[in-house]
Amino acid sequence: MATVTTIAKLGEHVGETVTLRGWLYNSRSSGKLLFLVVRDGTGLCQCVLEKSEATAAAFEAARHLGQESSLHVTGTVRADPRSPGGHELAATDVHVVQNASGYPITPKAHGIDFLMKNRHLWFRSQRQWAILRVRHTIVEGIREYFNRNGFILIDTPIFAPAAGEGAQTLFAVDYFGEPVYLAQTGQLYVEAACMAHGKVYCFGPTFRAEKSKTRRHLTEFWMVEPEIAYADLDDVCALAEDLVCYLVQKTLRERRPELELLGRDLAKLEAVQKPFYRITYSQAAEILHSERVRQLLTDDLARAAARVVELKKLMEEKEQERTAPGVKEWKADKLAHELLEARDELADQEEAVRNIPKHMELAANFQWGGDLGGSDETIIARLHDRPVFVTHYPRGCKAFYMKRNAADPRVVNNLDLLAPEGYGEIIGGSQREDDLEMLLERMREEGLKEEDYAWYLDLRRYGTVPHGGFGLGVERTVAWICGLKHIRETIPFARMMGRIYP
RNA sequence: UCCCCGAUAGCUCAAUGGUAGAGCACCCGGCUGUUAACCGGGUUGUUGUAGGUUCGAGUCCUACUCGGGGAGCCA
């Protein structure tokens, strides 16, 4: 009886006969030779069946297996660079658990709607497999970081009472006949908890009914929110910086093969080192008005416009080449695929050409007092090669609980952390208003009812201290670290506007 | 809420207003080192829905539905 092992451990069994249990990822046959690419959850391995070496029954059974058939393969392990994992199995026996047929996700191209409808199967594909492993490591890193640094986990409620910010983006739920809402944050609750434990965090799903159909939005996403007592803005920034560095380094250390599979530029991640840049909101506003930004966007626009012309010409040439008489089928096929890719890029570039003038206008006309828009954040982030903290926003565009700045009462002690490469805001946080009177004043400005927040106000009555924290969005962090274009691949089953299946 | 794009075979896409096609998937055959293997043969259709224009609509027009991208808003 051969030893049962996994593909990840094949290196420990070179020369031995072992059994792998997995699924057929792809297969190729060449007469008396069969190549079965098998995956088992730990990796991919090419199993080679030679007709003369394998049992006749095994060879015949393996010849007719559909994609994703479940099987055991027994054979001798040998190192071979031609196999995906670097080790190959010279198979002698194949036991079919189930011969699957008609698996919908083929090794060829598919559209995103089809893939999302088949998300339960799409998991099995290499890229998706790699992304969710990176997510696992980032989530593990988050828990590890806080648990090892003296933070106590506080699970905050998901059913939340009506009071709160941005009521139009809340999902309402019937709670024994009363309307309650799915939580958008556990923040107020961790503030209470940090007065008991000093350093706490909550980690769970949050829900936002934003009608946003973009590559950065989910209606259900995961957020970790640490909160610390006796902390000011600098302490909160230091914590955010340390956490992000920890997560990036851990992922680089433990998921390098996955990042490489995803084609991530690792140098960009290696560059994520302390100290991150720190600028104030007012400095950001100056940057947006600067000649440097105008030039950056002018160059972007010129580049996008030139690329549009180039792509159109390229597509025309390829189309001519494809439809020319006497073109080989495989060549025409390849050209058709290249045309599709070019078409996608053209759509992106044309979108850029339409949007950049808007972005220029938004940046140039940016008024002190307004919130930074998505395009503004992208501009700021692009001017820096490491993450950037933007601090001290006007208090009018931020939540009531943020601490008013002592030196400049127009602004609050808050922070946003912008990830590089246009990934936008991954962290938002602040020092909290610990003065009861100031807090009440802000609540009145926002039209919030004191009685709804009676418990929260108690925290300022009984031993108030400077404190603060932040929220880090897991999916945006995963998208950034993996270098993904779209957030939907960073969570097992994405919940988005208009998508709730499977 | 607004703007742009799209919907044709199981999948990815073709089709000057004039007989709906290709590749992949699937089935059969060939090939002892393949890498989205390749070669030969076979099977595959209510062109998103409802109207309209026309001798004739996948193609043009209107509305709707669904999806993609973006704006606003946001992690």
Side-chain angles (χ1 to χ4, degrees), chain A residues 25-37 44 46 48-53 64 66-67 80-84 88 101-118 126 165-166 168-169 184-185 205-225 319 322-323 329-330 332-337 339-340 343-344 346-348 350-352 354-355 358-359 362 371-375 377 397 416-419 423-429 470-480 485-488 490 496-499:
Chain A
Y25 194 68
N26 197 4
S27 68
R28 290 176 284 272
S29 73
S30 179
K32 299 186 179 68
L33 201 55
L34 274 177
F35 298 97
L36 304 179
V37 178
L44 285 183
Q46 175 165 276
V48 186
L49 270 99
E50 288 182 39
K51 198 165 190 175
S52 55
E53 300 293 320
H64 298 283
Q67 202 187 336
D80 194 312
R82 291 171 295 186
S83 176
E88 191 174 76
S101 67
Y103 184 71
I105 303 178
T106 68
K108 301 282 176 177
H110 296 286
I112 192 64
D113 185 43
F114 178 78
L115 291 170
M116 287 305 284
K117 280 180 178 148
N118 288 284
Q126 281 284 278
E165 350 134 34
Q168 68 274 41
T169 64
Q184 292 196 328
T185 169
T206 66
F207 307 88
R208 306 231 172 140
E210 283 160 6
K211 293 192 174 172
S212 302
K213 284 168 61 171
T214 80
R215 62 187 70 183
R216 301 184 306 280
H217 287 88
L218 296 169
T219 53
E220 178 181 318
F221 65 94
W222 285 66
M223 189 157 71
V224 61
E225 297 176 276
E319 184 59 28
R322 189 178 73 87
T323 52
E329 249 171 43
W330 67 268
D333 215 35
K334 183 161 170 270
L335 285 164
H337 191 245
L339 272 165
L340 288 181
R343 187 190 299 171
D344 279 355
L346 182 64
D348 280 358
E350 283 178 337
E351 183 99 52
R354 277 196 299 276
N355 284 335
K358 274 189 252 170
H359 296 166
L362 282 169
D371 211 343
L372 292 174
S375 63
E377 286 179 356
C397 60
D416 276 358
L417 181 67
L418 307 181
Y423 281 93
E425 188 180 342
I426 55 168
I427 284 180
F470 61 81
L472 172 132
V474 170
E475 288 75 17
R476 285 192 181 175
T477 304
V478 175
W480 165 49
K485 211 174 154 187
H486 204 297
I487 200 165
R488 65 188 154 215
T490 64
M496 290 176 293
M497 203 186 146
R499 200 175 283 286

With a non-hydrogen cut-off below 4.0 angstrom, is A:Glu53 in contact with a base, only sugar-phosphate, or nothing? nothing
Value in whole Å for how far the C1' atom of B:G68 lies from NZ of A:Lys117: 12 Å
The dot-bracket string of RNA chain B, counting Watson-Crick and G-U wobble pairs with both distances under 3.5 Å, using [ ] for crossing pairs and | for pairs to another strand, is (((((((..((((....[..)))).(((((.......))))).....(((((..]....))))))))))))....
Considering only heavy atoms and no angle criterion, is a donor-acceptor pair shorter than 3.5 Å present between the side chain of A:Ser29 and the base of B:C31? yes
Closest heavy-atom pair and its distance - A:Val37, A:Pro84: CG1-CG, 4.4 Å
Could you tell me whether A:Gly498 contacts a base, only the sugar-phosphate backbone, or nothing, with contacts defined as non-hydrogen atoms closer than 4.0 Å? sugar-phosphate
A:Pro107 and A:Gln67 have their tightest heavy-atom pair at CD-OE1, 3.7 Å
Tell me whether A:Phe221 and B:A75 count as stacked here, given that the ring centres must be under 5.5 Å apart and the planes must differ by less than 30 degrees. yes
Rounded to whole Å, please give me the gap between OH in A:Tyr103 and C1' in B:A36. 15 Å
Atom pair distance, as rounded to whole Å: CD1 in A:Ile427 and P in B:C74: 18 Å
A:Arg499: salt bridge (charged side-chain N to carboxylate O under 4.0 Å, His left out) partners, not counting sequence neighbours: A:Asp113
Does a side-chain N or O from A:Arg488 land closer than 4.0 Å to OP1 or OP2 of B:G69, or not? yes
Could you write out each protein N or O paired with an N or O of nucleotides 1-10 of chain B at a distance under 3.5 Å?
residue	atom	partner	partner atom	Å
B:U1	O4	A:Lys211	O	3.2

How would you label the contact of A:His110 with the nucleic acid (heavy atoms, under 4.0 Å): base, sugar-phosphate, or nothing? sugar-phosphate
Would you mind reading off the distance between A:Asp113 atom CG and B:C66 atom P, rounded to a whole angstrom? 12 Å
Whole-Å P distance, B:C60 and B:G67: 23 Å
Using the P atom as the reference point in each nucleotide, state the distance between B:U54 and B:C61 in Å, no decimals. 16 Å
